[in-house]
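Convention: sequence-line order gives letters A, B, ...; per-chain numbering from 1. Computation of the quantities below employed the complete heavy-atom set of this structure, encompassing side-chain atoms and omitting hydrogens, waters and symmetry-equivalent molecules.
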There are 2 protein chains.
Amino acid sequence: MPRPLKGATVDSRDRVFRAAATEFAARGYAGANVDRIARAARLNKAMIYYHFKNKGALYREILRDMFGAVRTAVLEVEAAEVSPQEKIRRYVEAIAAAAEARPHFPPIWLREIAEGGEHVDAATLAYVRDVLTALGRIIDEGRRAGVFVAIHPLMVQGGIIAPIMFFLATARLRKKMERAGAVPSAAIPRDAVVTHIQRLTLAQLEGRIA
Amino acid sequence: MPRPLKGATVDSRDRVFRAAATEFAARGYAGANVDRIARAARLNKAMIYYHFKNKGALYREILRDMFGAVRTAVLEVEAAEVSPQEKIRRYVEAIAAAAEARPHFPPIWLREIAEGGEHVDAATLAYVRDVLTALGRIIDEGRRAGVFVAIHPLMVQGGIIAPIMFFLATARLRKKMERAGAVPSAAIPRDAVVTHIQRLTLAQLEGRIA
DNA sequence: GTCTATAAATAGATAGAC
DNA sequence: GTCTATCTATTTATAGAC
């Protein structure tokens with residue numbers, strides 16, 4: 001991908017990327033509209049095809065960015081010189097932080113799950129694998145230290161990432177429910193959720209839930 | 001809505017409904033294609049508009065069916081003459097069963113969360129409210145009996161429904177990961193997941209995770 | 001790098017015959 | 001209830017000027 005040399009419009013590619021992330025989050029892959037992306041990026045449609053091969057390539061680059069960020073954060077957590085329990089706490093926090101740094105992350109994640117990972121390319125798949133492998137090593141480390149029991153990493157991962165994405169993505173829906181009087185109070189602080197999931201995850205890994 | 005009197009094609013409305021559920025699950029609301037729905041239902045497009053006002057009305061009816069089924073099952077659980085703990089176990093099982101009875105349920109649920117409940121009408125919202133209210137009553141009952149601690153029903157609900165939908169919806173993606181060698185084994189039995197979530201939910205309600 | 005204009009295909013929705 | 005045909009708008013993508 002050629003990058004511009006002059007300073008005037010160096011960021012047009014980035015503007016497309018950001019606008020596309022918002023559009024894919026709001027309407028899904030098939031529902032996303034290239035014209036709307038161009039308008040939001042204050043560019044014309046042709047510029048999108050100048051920077052990206054097509055709609056699919058643009059979308060896949062967003063997926064790689066999302067899961068690449070999670071992978072980087074998780075590998076750093078695994079490498080830290082702390083107890084397995086502390087690694088799990090940081091693992092949960094790292095995933096929440098990566099998702100919060102990108103408002104489009106939770107919606108796109110939910111939609112991609114719904115599509116069975118149809119747009120997940122080899123690079124993204126490798127990132128996911130690395131994350132699961134790192135989690136598996138943290139669990140193994142805890143087992144060797146005698147503090148964790150054996151649980152399938154996917155089971156642990158599901159118990160972490162699904163509630164996190166749920167809470168981050170339902171912010172708008174919970175507001176709607178609260179306005180409609182469907183629930184007394186629907187506001188749950190971000191830290192309360194992360195702390196709760198940290199405790200829940202540790203409880204299951206330490207064999208305290210059976 | 002007029003229903004046909006002759007037996008020949010009594011089920012054309014139902015065929016549209018089923019085909020639409022599959023299409024919305026696979027491509028999302030905006031991405032769903034009325035022509036494809038018609039083809040899958042072995043009908044022409046005009047028949048869809050004969051039975052349903054438009055694409056949106058068709059989609060909303062599917063949402064009502066999904067959440068109505070959950071509501072019915074949950075209210076039945078709440079009314080049973082069993083302990084609060086057993087009600088929680090049945091609550092988890094009821095939600096899993098309602099989702100499994102409709103293959104389109106998990107994907108559409110995930111997508112609707114991602115869209116911030118944009119297509120959730122008053123009837124569906126009322127179903128969701130009833131479910132949360134019933135869960136709140138079960139929690140209160142447990143608190144009065146001295147077996148549960150105080151937790152926000154939404155926090156409990158998120159810990160139940162998010163992992164369930166995640167596991168049901170990721171079946172295809174986990175197969176893809178397994179084929180790609182991204183994870184040693186990605187097959188997790190349905191009952192193992194439900195049991196795990198039942199235990200996790202009870203552990204938090206019984207204050208055993210702090 | 002950025003634009004306008006447009007091609008070519010596909011979308012949701014309806015008219016009207018049977 | 002079911003169909004074919006079609007209207008109108010929208011969509012992805014590209015050509016070609018600057």
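Atom NZ in B/K53 sits about 16 Å away from atom P in C/dG12, given to the nearest Å. Atom OH of B/Y29 and atom P of C/dG12 are 9 Å apart (whole Å). Per the geometry, CD belonging to B/E23 stands 12 Å off C1' belonging to C/dA11, to the nearest Å. If you take CD1 of A/I48 and P of D/dT14, they are 13 Å apart, rounded to a whole angstrom.
A salt bridge links A/R137 and A/E78; the closest N-O separation between the charged side-chain nitrogens and carboxylate oxygens is under 4.0 Å. Comment: B/E93 does not engage B/R89 in a salt bridge, judged by the lack of any side-chain N to carboxylate O separation of less than 4.0 angstrom.
Nearest to the side-chain atoms of B/A46 among the listed nucleotides C/dC3, C/dA15, C/dA13 stands C/dA15. Of the candidates C/dA13, D/dA13, D/dT14, the closest approach to any side-chain atom of A/N54 belongs to D/dA13. Ranking D/dA13, C/dG12, D/dT10 by closeness to the B/N33 side chain, first place goes to C/dG12. Checking C/dC3, D/dC3, C/dA13 against every side-chain atom of A/M47, the shortest atom distance belongs to C/dC3. Distance from the side chain of A/K45 is smallest to D/dA13 among C/dG12, D/dA13, C/dA15. Among the nucleotides C/dA15, D/dA13, C/dA11, the one closest to any side-chain atom of B/R36 is C/dA11. Set against C/dC3, D/dT4, D/dT12, the side chain of A/N44 has C/dC3 as its closest nucleotide.
In this structure, A/L43 reaches the sugar-phosphate backbone alone: every heavy-atom distance under 4.0 Å involves primed, P, OP1 or OP2 atoms, never a base. Here B/A38 lies out of heavy-atom contact (under 4.0 Å) with every strand.
Ring centroid separation for the pair A/F166 and B/W109 comes in under the 6.0 Å cut-off.
Residue A/E178 qualifies as enclosed at atom CD: its count of foreign heavy atoms under 6.0 Å is above 12.
Listed pair A/Y49 / D/dA13 meets the phosphate criterion, a side-chain N or O lying under 4.0 Å from OP1 or OP2.
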